[in-house]
Amino acid sequence: MLKIQLAILQDRSGLETLKDKVRDLLSNLEEPNKRTIPTVKTQLPLIEAAQTEEWWIDATPIEIESLRVNIRDLMQFVDRQAESIIYTDFQDKLGIVAEQNVPYNTTGFSPYQYRKKVEAYIRANQNHVAIAKLRRNLPLTTTDLTALDFQQQ
């Protein structure tokens, strides 16, 4: 949260990645088995609001601090991601070593936030013919795909 506050104040890059990390943690607290925990339940409106893009558009460092204070006690309920250990047994053989400039560009992609956006799009367009077919597991025609592509533009 401190990094987010500093990024807002100093207009730094990387803010999207930091916001996505916070939203991923908050989405973990929204899982059905955690919604019944009394302390999580009282903060659900804030948790849901802070996962929307609109909340972050005009978020000030003071609002970020308020979010931090309200959710810090809930972090104990977030599931820790298990990382698998990878064992390797090989030797590197170096050829000619030359320095290269590699552009570094982060996209701020978060699979959890992407899923939320897709679900929101489906809910907003549930009466569209192609979406209705997808929900019923029916095959899409070329016309259906064209209609979806046209609607997106």
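Note: hydrogens, waters and symmetry copies are ignored here, and every other heavy atom, side chains too, is used. Computed from a prediction, not measured in an experiment: that's the story for all the values here.
Q5 and P61 get closest at one heavy-atom pair: NE2-O, 2.9 Å. Nearest heavy-atom pair across D79 and N28 is N-OD1, 3.3 Å.
Between K3 and L15 there is no side-chain heavy-atom pair separated by less than 4.5 Å. Looking at Q43 and L46, their side chains come closer than 4.5 Å, going by heavy atoms from C-beta outward. Here the side chains of W55 and L67 are in contact, with some heavy-atom distance below 4.5 Å. In this structure the side chain of F77 reaches within 4.5 angstrom of the side chain of T39, judged on heavy atoms. Side-chain contact between L25 and L29 is absent, with no heavy atoms from C-beta onward closer than 4.5 Å. A heavy-atom distance below 4.5 Å is found between the side chains of V22 and M1.
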Check: After noting the C-alpha distance and the side-chain angles of K34 and K41, does the key distance pass the side chain to side chain contact (heavy atoms under 4.5 Å, CB included) rule?
Finding: CA-CA 8 Å; K34 296 182 185 127; K41 193 173 187 177; over 6 Å; no
Check: For D20 and Y114, what are the C-alpha separation, side-chain angles and deciding distance, and is it a side chain to side chain contact (heavy atoms under 4.5 Å, CB included)?
Finding: CA-CA 10 Å; D20 283 344; Y114 177 75; over 6 Å; no
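Atom-to-atom distance recorded for E53:CD and E16:CD is 5.5 Å, nearest 0.5 angstrom. For the atom pair CG (L18) and CD1 (I64), the distance works out to 10.0 Å, reported to the nearest 0.5 Å. Atoms CG and CD1, on N125 and I122 in that order, are 9.0 Å from each other to the nearest 0.5 Å. Interatomic distance, K117 NZ to T52 OG1, rounded to the nearest 0.5 Å: 11.0 Å.
Here V129 pairs with K133, D144 under the side-chain contact (heavy atoms from CB on, under 4.5 Å) rule; sequence neighbours left out. Annotation: salt bridge (charged side-chain N to carboxylate O under 4.0 Å, His left out) contacts of E119 (sequence neighbours excluded): R115.
For the pair R135 (side chain) and I131 (backbone), a donor-acceptor distance under 3.5 Å is absent. Distance alone, capped at 3.5 Å, is enough to place a donor-acceptor pair between the R35 side chain and the E30 backbone. Judged by distance alone, the side chain of W56 and the main-chain N or O of A50 form a donor-acceptor pair under 3.5 Å. With hydrogens and angles ignored, the 3.5 Å screen pairs a side-chain donor or acceptor of E63 with a backbone N or O of T60.
Crowding of I62 atom CD1: a count of heavy atoms from other residues, nucleotides or ligands under 6.0 Å not exceeding 12.
When the side chains of ILVMFWY residues are joined at heavy-atom separations under 4.5 Å, either directly or via intervening members, I37 and I71 end up in a single hydrophobic cluster. Hydrophobic clustering places V40 together with M75 (ILVMFWY residues linked when any side-chain heavy atoms are closer than 4.5 Å, directly or through intermediates).
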